[in-house]
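Here the structure is laid out as structure tokens; the discussion comes afterwards.
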Amino acid sequence: MKAHHIMKSQVIKVKEEHNVRSVIEKFIEHGISGLPVVNDSNEITGYISDGDIMRYIGSQKQYLMNAYYIVNIAKGDDQFEDRTKSILNLNVMELAKKTIYKVNWDESVEHVAYILGKKQIKKLPVERNGRLVGVISRGDVIRNSFKKLL
């Protein structure tokens, strides 16, 4: 079985010039947790996930210096709210991963499963001739690999 047999071809994506607000709106609207970032030619240039956003809004750099711990812990809630507001207008590429794990559309499902497991990621963009054509999740692999066995 090949990647294109199990991939979802209706890909929710965002363009690299969009802001994080667009990403979060898509997360909420579609109940997803990550999506590919593409350029005008539909080439994959990044991937942004809920984890990338969590790392930004959960940043605790201000707590690292012991001398400032007490002062900053009191300001923590305001700083968290400020970070959640400020992230909305950031360009998506400021948070997106630039090293993207992806597969070719004719890759074996076995290899797709290996990458998803080894790299501990939830989804893999699928490309054909350098262009985004689909996405495969861990659930897609599980459903399609075991449906004939159950």
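Atom set for the values below is all heavy atoms of this structure, side chains included, hydrogens, waters and symmetry mates excluded.
With sequence neighbours left out, the ring pair (Phe, Tyr, Trp, His ring centres under 6.0 Å) criterion links H18 to no other residue. Scanning for salt bridge (charged side-chain N to carboxylate O under 4.0 Å, His left out) contacts around K13 gives an empty result, with sequence neighbours left out. Shown here are the side chain to side chain donor-acceptor pair (under 3.5 Å) partners of S22, two or more places apart in sequence or in another chain: N19. With sequence neighbours excluded, no residue satisfies salt bridge (charged side-chain N to carboxylate O under 4.0 Å, His left out) with K2.
To the nearest 0.5 Å, atoms CG (L95) and CE (M54) are separated by 11.0 Å. Rounding to the nearest 0.5 angstrom, the gap separating the CD1 atom in I48 from the CD atom in E16 is 13.0 Å. Rounded to the nearest 0.5 angstrom, E110 CD and M1 CE are separated by 11.0 Å. Separation of atoms CG (L88) and CD1 (I53) is listed at 9.0 Å; rounding is to 0.5 Å. In this structure, the separation between CD1 on I57 and OG1 on T84 is 6.5 Å, given to the nearest 0.5 Å. Here the NE2 atom belonging to H4 is positioned 10.5 Å from the CG atom belonging to N104, to the nearest 0.5 angstrom.
Nearest heavy atoms, Y47 versus V37: N-CG2, 4.1 Å. In terms of heavy-atom proximity, I100 sits nearest to G46 at CD1-N, 3.4 Å. The two atoms that bring V109 and A3 nearest to each other are CG2-N, 4.2 Å, heavy atoms only.
A continuous path of ILVMFWY side-chain contacts below 4.5 Å connects Y101 to V103, so both sit in one hydrophobic cluster. In the hydrophobic cluster analysis, where Ile, Leu, Val, Met, Phe, Trp and Tyr join through side-chain heavy atoms closer than 4.5 angstrom, V11 is grouped apart from I136. If you chain together hydrophobic residues whose side chains sit under 4.5 Å apart, I24 and M93 fall into the same group. Side-chain heavy atoms closer than 4.5 Å link hydrophobic residues (I, L, V, M, F, W, Y) into clusters, and following such links, possibly through other members, connects V20 to I12.
Within a 6.0 Å sphere centred on NZ of K98, other residues, nucleotides and ligands contribute more than 12 heavy atoms.
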Solution key, residues 25-34 side-chain donor-acceptor pairs under 3.5 Å, sequence neighbours excluded:
none

Pairs of donor and acceptor atoms involving the side chains of residues 111-131, under 3.5 Å and at least two apart or interchain, shall be tabulated with distances.
from : atom 1 : to  : atom 2 : distance (Å)
R131 : NE     : S41 : O      : 2.9
R131 : NH1    : E43 : OE2    : 3.1

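Looking at heavy atoms from C-beta onward, Y56 lies in side-chain contact with L90 at the 4.5 angstrom threshold.
For the pair D140 (side chain) and M7 (backbone), a donor-acceptor distance under 3.5 Å is absent.
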